[in-house]
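Reckoned from all heavy atoms, side chains included, excluding hydrogens, waters and symmetry mates.
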Amino acid sequence: MSYVLELETVTRLALEAGALLLRHRAAGLTVEHKTSADDPVTAADREASALIVAGLRSAFPADGLLSEEEVDSPERLNHGRVWIIDPIDGTREFTTGSPDFCVSIGLAVRGEAVLGVVYAPATDELFSGAVGEGVQKNGVAVTQARPAAFRLSVSDTEHGRELHRHDIPGMFPSGSIALKLARMAAGEADVTFSMSPRSEWDICAGDALLRSAGGELRRRDGRPIVYNSPRPSLEQGIIGGTPAALAWLEGELLARKLPTAHLGLTPQDPAWAVLSEADQEALAGHSGVCVRYAGSDLLALLVVDPQTRAVQRAEGDAFHLERLTRDVVRAGLDRG
């Protein structure tokens with residue numbers, strides 16, 4: 001299937017939104033916070049979202065919409081095609097003067113990311129592509145070349161707090177995950193992963209670009225990512241890259257037992273096995289079970305009441321419990 005019209009429309013909207021963001025930053029920003037200092041939002045986020053949503057509704061009225069900065073509606077679940085939008089991926093970088101932020105617009109069809117446009121306005125870099133049609137950067141088709149050593153793009157937050165303690169070769173930290181994935185699709189990095197959960201709007205466009213370049217993005221437990229889910233926040237970290245780099249990184253993470261979180265754990269999830277038999281029996285059917293684990297080792301456990309969001313249990317290593325608590329708070333599962 002050709003996505004010529006979709007790419008033309010979304011490219012225009014991403015460029016317009018990017019110009020809006022630069023005007024806001026030049027004029028000065030008022031920064032608010034959603035859940036913590038790590039989760040900022042500005043008027044620019046909301047205005048860019050409104051611009052993109054209005055443009056997509058006008059061009060593709062039969063499609064569903066999901067944007068980080070808009071009130072979610074279950075109506076989108078009735079659509080096979082859904083646009084998934086992050087008007088600013090990397091808001092913290094946007095507010096601090098870093099160029100490492102972008103506009104991210106992806107299209108998911110029947111749960112799969114098929115089209116993506118990622119625009120970094122501070123550096124005027126435009127990544128676009130669709131599955132089966134390849135990837136372009138600033139209008140020029142990109143090609144993949146095998147590097148002498150794999151380049152591992154990681155979260156600057158996770159690197160500063162934890163990853164710097166580990167000796168995985170090739171690590172370089174940056175902000176926006178959408179921009180990480182776009183650069184991988186353009187052959188400028190090879191592989192990435194996260195320990196903390198991500199949301200659909202963070203990764204849909206970048207996932208489509210990576211798939212268009214022959215790469216893959218999946219959950220840390222190996223299962224596929226399905227878009228347009230009733231709850232658009234993934235419960236766990238992600239891993240992705242070109243096939244050879246992805247296989248290499250999975251070996252490195254396994255050898256070092258680098259952890260990931262899993263929020264809202266159920267007996268159907270592979271990570272359920274890290275719980276003791278007693279906890280498996282006691283917590284079956286509880287929707288607020290959250291863990292941080294590495295391989296078969298349970299590092300931290302939080303059990304949150306799904307109605308009151310009060311913490312019922314908090315156990316484990318202090319460092320990992322703090323990391324898990326942060327993930328739970330950002331996901332809106334905890335009253336704090």
Side-chain angles (χ1 to χ4, degrees), residues 33-36 38-39 66 68 71-78 84 111 155 157-158 161-162 193-204 217-239 253-254 257-336:
H33 296 92
K34 297 177 184 177
T35 60
S36 71
D38 291 328
D39 199 11
L66 171 64
E68 180 179 13
V71 176
D72 192 14
S73 168
E75 191 271 338
R76 65 179 167 81
L77 302 176
N78 300 322
I84 301 178
S155 160
T157 300
E158 291 183 352
R161 289 176 172 159
E162 188 166 359
F193 79 101
S194 75
M195 289 179 285
S196 295
R198 295 292 184 264
S199 297
E200 291 187 18
W201 46 73
D202 298 325
I203 60 174
C204 182
L217 185 70
R218 56 181 179 253
R219 294 169 178 264
R220 281 281 299 277
D221 65 11
R223 292 184 296 173
I225 297 167
V226 179
Y227 293 92
N228 196 32
S229 297
R231 183 179 177 86
S233 295
L234 276 70
E235 301 90 354
Q236 60 187 230
I238 58 171
I239 184 170
L253 299 184
L254 181 63
K257 292 189 174 182
L258 284 182
T260 185
H262 193 127
L263 313 183
L265 193 64
T266 73
Q268 289 71 47
D269 297 316
W272 188 258
V274 305
L275 297 175
S276 68
E277 290 185 5
D279 276 342
Q280 289 182 19
E281 181 177 353
L283 297 174
H286 196 301
S287 61
V289 180
C290 305
V291 298
R292 199 171 205 245
Y293 68 102
S296 60
D297 298 332
L298 178 64
L299 305 174
L301 168 69
L302 279 175
V303 180
V304 181
D305 184 281
Q307 276 74 48
T308 65
R309 299 196 299 179
V311 174
Q312 297 175 324
R313 286 177 62 183
E315 302 170 5
D317 173 86
F319 175 82
H320 293 292
L321 188 58
E322 189 275 333
R323 296 287 86 219
L324 179 60
T325 299
R326 176 180 176 273
D327 289 337
V328 168
V329 169
R330 290 200 68 181
L333 300 176
D334 178 26
R335 190 170 57 185

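- In this structure, Val289 and Leu302 have side chains that are not in contact, with every pair of non-hydrogen atoms separated by 4.5 Å or more.
- Considering all non-hydrogen atoms of both residues, Arg198 and Ile203 come closest at CB-CG2, 4.3 Å.
- Pro230 is listed as a side-chain neighbour of Leu77, based on a closest heavy-atom distance under 4.5 Å.
- Side-chain contact between Arg330 and Ser196 is absent, with no heavy atoms from C-beta onward closer than 4.5 Å.
- Checked options Glu322, Glu315, Glu162; the residue passing with Arg292 is Glu162 (criterion: salt bridge (charged side-chain N to carboxylate O under 4.0 Å, His left out)).
- When all heavy atoms are compared, the tightest approach of His320 to Pro259 is CE1-CG, 4.1 Å.
- Heavy-atom contacts from other residues, nucleotides or ligands closer than 6.0 Å to CD of Glu75 number more than 12.
- Considering every non-hydrogen atom in both His286 and Pro306, the closest pair reads CE1-CD, 3.8 Å.
- Heavy atoms only, all atoms of each residue included: Gly264 and Cys290 are closest at N-SG, 3.8 Å.
- Side-chain atoms of Phe193 and Thr260, non-hydrogen and from C-beta on, never get closer than 4.5 Å to each other.
- The only member of Arg218, Arg223, Arg219 that meets salt bridge (charged side-chain N to carboxylate O under 4.0 Å, His left out) when paired with Asp221 is Arg223.
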Intermediate values then yes/no, salt bridge (charged side-chain N to carboxylate O under 4.0 Å, His left out), Asp279 and Arg313
CA-CA 11 Å; Asp279 276 342; Arg313 286 177 62 183; 2.9 Å; yes
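- Looking at heavy atoms from C-beta onward, Leu263 lies out of side-chain contact with Leu234 at the 4.5 angstrom threshold.
- Contact annotation: the side chain of Arg326 approaches that of Arg161 to within less than 4.5 Å [non-hydrogen atoms, C-beta and beyond].
- No side-chain heavy atom of Leu321 sits under 4.5 Å from any side-chain heavy atom of Leu299.
- Side chains of Ser199 and Pro232 form no contact here, defined as non-hydrogen atoms less than 4.5 Å apart.
- Here the shortest heavy-atom pairing between Ser155 and Glu158 reads OG-N, 3.0 Å.
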